[in-house]
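Only a predicted model underlies this, so the values are computations on that prediction, with no experimental measurement involved. Any value given below was found using the heavy atoms of this structure, including those in side chains, with hydrogens, waters and symmetry copies removed.
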Amino acid sequence: MVSADSPQAKLDALLATLNPPQQEAVTHGDGPLLIFAGAGSGKTRVLTTRIAYLIGSHRVWPDRLLAVTFTNKAAREMRARVETLVGEPAQKMWVGTFHQTAVKILRREAQRIGIVPSFVIFDEDDTRAALRRVLDELRLDPKRYPIGALSQAISQAKSELKRPADYPNRSYQDEIVRRVYDSYQEVLRRSGGLDFDDLIMKLAELLSTDEEALAKWRDRFRHVLVDEYQDTNRAQYVLVNLLAAEHRNVAVVGDDDQSIYRFRGADVRNILDFRKDYPDAHVVHLEQNYRSSKAILDAAYNVIRSNPERAEKRLWTQRVGGEKVLATQTYNEIEEAEFVADEIERLRKTESRGYSDFAVLYRTNAQSRAFEDVLARRRIPYRLVGGIRFWERREVKDVVAYLRFCFNPQDALSFGRIVSVPPRKIGNVTVEAINAFARQGESDILKLLAEPARLPGIPRAAVGPLMSFRAQIESIRSTMGVLRPSELLDHVVEVIGLRQHYLDGTPQGEARLENINELRGLAESFDDREPAQGLEDFLAEVALVSDVDAYDENGEGVTLITLHMVKGLEFPVVFMVGMEEGLLPHQRALDEREENPSAVGASTEMAEERRLCYVGMTRAKDRLYLSCAFRRHLYGRSQPAFPSRFLTDIPQSLLGAPRGSAPIAPPRQGYKERFMERQVESAPAPPPVQRFASGDRVMHPAFGAGTVVKSTLTRTDEELVIKFDKAGMKILSGMLAPLTK
């Protein structure tokens, strides 16, 4: 009689809880296996149960099994789950990330490939330092050849298994990258180091060139299982197939509809073409969803089904019905954040939800600022995932510190922060000497810098840079009573050269500039005051916001997170915000279509944006909100915003409007078309016409009847303040709102 606590009994009991396709995937015998696992379909459970089944049925010894994941957290969870099923033997499994697996093998085989077993692993900072050394050796200007862009180009080459000699030579820029790449590898070699991309590349090189090593590790790993296969790059794809080509016991799990990491080198074709690599592959579709309501799944399917070259699948659930997906359009990003806060508080009261039940998902990190400000002011706890708080981001603090120091030259804290941003060859010793002298005499730091050579303890080499720094600050200060806050911020960025400093050719550099532009948008709201007063009020506002810390690390909070970071998570209530053309889909996808509309694969970026939208929607369990704005501060200026094409993919029958909120309405005929033509500034669109006046009675399809309190013409719109009889005071766009007199 089998004990109920035995591994076999546990395994039998678990198998009985699986649905038929899950059981089919778990109990598949030898040979290639492709598992298309839709969002919320229990893929982790299937993968861990299959590992336990292979070990428990004695098809493979634990140390002959390799399971590869993409995160350390996933690897730990997988090992722990298998251990509960099969006990101590699971400790001998090879379960880890691609990089962890590569390190373990390379430590053992280092001499075969000409590296020292004690190699060090270069992190991102080490790589940047090595590249700075290379640029010095090659006498290349880092301003012309940004280190971030070079690092990304080299990383991309390694993910495609291209050595320096293999790097394409299509232009002079390519030749520079090739030379830097070659010298960088020499620095790594002399240092006895490998970077992250080297780990995979070197292992693939070992198995491709050393038949004895290949035979050894193929024999070692009789079964290879790969999670999130849609996220593999070329190097990882080659590595998996080198290990599995002989015994062909390879099982891959993934979902092409959730492939959203192309910018990291991921290639969705790896999973879509699996059956070309293994024509005899057994294919299982996991389509029963255990997470979301039917209403949410139906809406998500209508977004993703338009994507070309996808494996057809449609998730279903036994959770019949559910609340409709609610879509709304607010006036701007502040009203959008207020709407989200209102709904959170309402659902906490009516459905007794905790703050941790809610998540706000957005396309770019810069969008978090409005939500951080509103939630902090409303004392709603939140946690920011995948980044630091907006007001604590380096580039934001740098710009604010420049404005603070210009406003108050006695601000030693700000001086210490900005004097080496960008680098000016002014060291800590110099800064400490100046600050000490300023403290002794209670002096204005700018006055001290008028003759830095006379200050004790100042190195001769620092005198010139200090005088140059002072000249820049005085240039900015001379405009403080003239320029409005947003114009002054622009002047700081231009005079100091912060745009060139942060724009290093990487997505991170672009994100930093987006955050500066987001800060500019806030400064713009103080432009209607006297310049000096506007700057003072702006700095006071920033200080108040940054001092409010609503985040309780040990408590619960609303999750603020980007769409890229949210993959793998789930929440009862999800708000997807900023669903507008230029945000989701991102402007890069729109530019790709405009630049090359007829080329094969020209919609690659758009397809990925659609998958990103799908991933966000399928994070929601019970309630899903989709929101966009009439206007948005984007890229440093306020401009009209237009509903995302992904919203129009969802049939109106599947959408509802939140109580007391505006439904999503299309703009007046012709206006969107003029905007989307992206006309040059020399040929602007016709100015708006004032259609309403104070006292006019108007009708809105969602808000009902109301009275116009104020009508203001801007360069691009007619902004209306309307007091609705039932919905209260609202600010609407005269150009976009569906209003009738």
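Salt bridge annotation for K567-E228: present, with a cationic side-chain nitrogen under 4.0 angstrom from a carboxylate oxygen.
Residues in residues 450-479 take part in these ring pair (Phe, Tyr, Trp, His ring centres under 6.0 Å) pairs, two or more places apart or across chains: F415-F469. Each ring pair (Phe, Tyr, Trp, His ring centres under 6.0 Å) pair with one or both residues in residues 128-169, not counting sequence neighbours, would appear here, but there are none.
The side-chain contact (heavy atoms from CB on, under 4.5 Å) search around S356 returns E556, not counting sequence neighbours. R264 meets the side-chain hydrogen bond (donor to acceptor under 3.5 Å, both in side chains) test with no other residue; sequence neighbours excluded. By the side-chain hydrogen bond (donor to acceptor under 3.5 Å, both in side chains) test, D490 is found to be paired with R520, residues two or more places apart in sequence or in another chain being considered. Looking at residues two or more places apart in sequence or on another chain, you find a salt bridge (Lys or Arg N to Asp or Glu O under 4.0 Å) between D166 and R163. Remark: F98 pairs with F70 by the ring pair (Phe, Tyr, Trp, His ring centres under 6.0 Å) rule, at least two apart or across chains. In this view, F526 and F538 satisfy the ring pair (Phe, Tyr, Trp, His ring centres under 6.0 Å) rule, not counting sequence neighbours. In this structure A366 satisfies the side-chain contact (heavy atoms from CB on, under 4.5 Å) test together with T364, E514, N515, E518, sequence neighbours excluded. With sequence neighbours left out, E336 forms a side-chain hydrogen bond (donor to acceptor under 3.5 Å, both in side chains) with S627, R632. With sequence neighbours excluded, no residue satisfies salt bridge (Lys or Arg N to Asp or Glu O under 4.0 Å) with R179.
Using modelled atom types and a 3.5 Å distance limit, the side chains of Q156 and E160 yield a donor-acceptor pair. Using modelled atom types and a 3.5 Å distance limit, the side chains of T127 and Y184 yield a donor-acceptor pair.
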Check residues 496-503 and write down every donor-acceptor pair under 3.5 Å in which the side-chain atom is one partner and the other belongs to a residue at least two apart or another chain.
from : atom 1 : to   : atom 2 : distance (Å)
Y502 : OH     : D398 : OD2    : 2.3

